[in-house]
S.K.: 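Below you will find the structure I want to go over with you.
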Amino acid sequence: MRLLLVEDDDHVAAALSAVLARHGFKVVHARSGEEALQALLPADKEPFGVVLLDLGLPDQDGYEVCGKIRKRSAIPVIMVTARADVRSRIHGLNLGADDYVVKPYDTGELLARIHAVARRGTTGEDTGVNPAAALLLGPVRIELPTRRVSVEDQEVQLTRKEFDLLALLAQRPGVVFRREQIISEVWRTSWEGTGRTLEVHVASLRSKLRLPALIETVRGVGYRLVPPSR
């Protein structure tokens with residue numbers, strides 16, 4: 001698999017490239033946001049399977065680069081940064097990132113996340129959701145076939161995984177989904193480290209929909225969707 005590594009520190013990039021190469025990745029190194037965007041342009045080359053995007057770039061903010069990538073491609077993007085706060089993670093996911101890794105990270109963890117998002121990219125949007133009629137939950141309307149969500153007739157822009165997560169919970173309102181079950185059905189992986197990503201996606205959904213009580217945390221178990229009253 002070809003992997004685009006966007007990292008301005010040559011020492012970090014060299015060490016990481018060596019590790020990735022030992023695990024079968026063909027690494028292309030970009031030192032700036034502009035180099036990364038140019039690397040994604042040629043259509044006659046083998047496509048990249050994943051973009052590993054550092055946020056501290058010399059020419060433009062990594063968030064900006066992610067937004068530009070997402071406008072032109074659905075390629076999985078993993079953000080790598082020292083910014084560990086939840087707000088930064090939510091911002092990255094809102095821009096279309098598929099995952100978010102905080103420095104310093106374990107190499108094994110990073111490899112697992114790369115393989116996880118690569119699998120998601122090759123399996124498309126299928127999460128086992130039955131494309132039936134729109135789901136109406138109080139002011140929330142979820143159109144499964146078109147993957148559109150609106151609140152009070154105002155469309156809400158969700159990332160792929162945010163929609164998949166919401167659709168899964170919304171098809172069985174009131175039912176508690178175990179964390180492991182959600183991760184298996186939405187992320188197509190059983191890797192435990194995805195749990196933190198799940199928490200960030202739930203927080204992002206609550207914020208975007210402006211209905212914090214819509215998705216209820218069942219402590220020690222998982223989550224359930226509580227239909228709001230109008």
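Computed over heavy atoms, backbone and side chain alike; hydrogens, waters and symmetry mates excluded.
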S.K.: Look at Glu143 together with Arg141 and state whether they make a salt bridge at an N to O cut-off of under 4.0 Å.
M.R.: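 Yes, charged N to carboxylate O under 4.0 Å.
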S.K.: Is the closest side-chain heavy-atom distance between Val202 and Glu199 below 4.5 Å?
M.R.: no
S.K.: Under a 4.5 Å cut-off applied to non-hydrogen side-chain atoms, are Met79 and Leu55 in contact?
M.R.: yes
S.K.: Would a 4.5 Å heavy-atom cut-off, applied to side chains only, mark Leu20 and Lys26 as touching?
M.R.: no
S.K.: Test side-chain contact (heavy atoms from CB on, under 4.5 Å) on His29 and Glu35 and set out the steps.
M.R.: CA-CA 9 Å; His29 177 208; Glu35 280 189 34; over 6 Å; no
S.K.: I would like to know whether Val102 and Val80 meet side-chain contact (heavy atoms from CB on, under 4.5 Å); could you show each step before the answer?
M.R.: CA-CA 6 Å; Val102 178; Val80 182; over 6 Å; no
S.K.: Determine whether more than 12 heavy atoms belonging to other residues, nucleotides or ligands lie under 6.0 Å from atom CG of Asp153.
M.R.: no
S.K.: If the threshold is 4.0 Å, N to carboxylate O, is there a salt bridge linking Lys161 and Asp98?
M.R.: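 Here Lys161 does not pair with Asp98 in a salt bridge, since their nearest N and O are not under 4.0 Å apart.
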S.K.: Mark yes when over 12 heavy atoms from residues, nucleotides or ligands other than Arg210 sit less than 6.0 Å from its CZ; otherwise mark no.
M.R.: no
S.K.: If the threshold is 4.0 Å, N to carboxylate O, is there a salt bridge linking Asp54 and Lys103?
M.R.: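 Yes, Asp54 and Lys103 are salt-bridged.
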S.K.: Are Thr197 and Arg113 close enough that a side-chain donor and a side-chain acceptor fall under 3.5 Å?
M.R.: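 Yes, Arg113 and Thr197 have a side-chain donor paired with an acceptor closer than 3.5 Å.
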S.K.: Hey, does His91 have a side-chain heavy atom less than 4.5 Å from the side chain of Tyr63?
M.R.: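 A side-chain contact exists here, since the closest heavy-atom pair is under 4.5 Å.
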S.K.: Kindly indicate whether the side chain of Ile78, heavy atoms from C-beta on, has any atom under 4.5 Å from the side chain of Leu53.
M.R.: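 Result no, sub-4.5 Å side-chain heavy-atom pair not found.
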S.K.: When you look at Ile114 and Phe25, which way does the side-chain contact (heavy atoms from CB on, under 4.5 Å) test go after all the steps?
M.R.: CA-CA 10 Å; Ile114 291 173; Phe25 292 96; 3.6 Å; yes
S.K.: Just checking, is any N or O donor in the side chain of Lys208 or Gln157 under 3.5 Å from an acceptor N or O on the other one?
M.R.: no
S.K.: When you measure from the side chain of Ser73 to the backbone of Ile75, do you find a donor-acceptor pair of N or O atoms at a distance under 3.5 Å?
M.R.: yes
S.K.: Taking the side chain as C-beta and beyond, is there a heavy-atom pair between Leu214 and Leu166 under 4.5 Å?
M.R.: yes
S.K.: So Thr81 and Val101, side-chain contact (heavy atoms from CB on, under 4.5 Å) or not? Walk me through it.
M.R.: CA-CA 7 Å; Thr81 179; Val101 179; over 6 Å; no
S.K.: Can you get from Val226 to Ile215 by hopping between Ile, Leu, Val, Met, Phe, Trp and Tyr side chains that sit under 4.5 Å apart?
M.R.: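 As far as the 4.5 Å side-chain criterion goes, Ile215 and Val226 are not connected within one cluster.
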S.K.: With heavy-atom distances below 4.5 Å as the criterion, would you say the side chains of Leu52 and Leu110 are in contact?
M.R.: yes
S.K.: When you look at CZ of Arg87, are more than 12 heavy atoms from neighbouring residues, nucleotides or ligands closer to it than 6.0 Å?
M.R.: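 No, the 6.0 Å shell around CZ holds no more than 12 heavy atoms from other groups.
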S.K.: With the threshold set at 4.0 Å, does a side-chain nitrogen-carboxylate oxygen contact exist between Glu7 and Arg31?
M.R.: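 Salt bridge absent between Glu7 and Arg31.
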S.K.: Pro58 and Asp8: which non-hydrogen atoms are nearest, and at how many Å?
M.R.: CD-CB, 3.6 Å
S.K.: Looking at every heavy atom in both Val6 and Ser32, which two are closest together, and how far apart are they?
M.R.: CG1-O, 3.9 Å
S.K.: Looking at every non-hydrogen atom in both residues, tell me the closest pair between Pro76 and Gly49 and how far apart they are.
M.R.: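 Scanning both residues completely, I find the closest heavy atoms to be CD-O, 3.3 Å.
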S.K.: If hydrophobic clusters are built by linking Ile, Leu, Val, Met, Phe, Trp and Tyr wherever their side-chain heavy atoms come under 4.5 Å apart, do Tyr100 and Leu16 end up in the same one?
M.R.: no
S.K.: For the pair Arg22 (side chain) and Ser17 (backbone), establish whether a donor and an acceptor sit closer than 3.5 Å, ignoring hydrogens and angles.
M.R.: no
S.K.: Can you tell me if Arg179 uses its side chain to pair, donor with acceptor, with the backbone of Ile182 under 3.5 Å?
M.R.: no
S.K.: So which of Leu158, Leu169, Ile90 actually passes side-chain contact (heavy atoms from CB on, under 4.5 Å) with Leu205?
M.R.: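 Single side-chain contact (heavy atoms from CB on, under 4.5 Å) partner of Leu205 among Leu158, Leu169, Ile90: Leu158.
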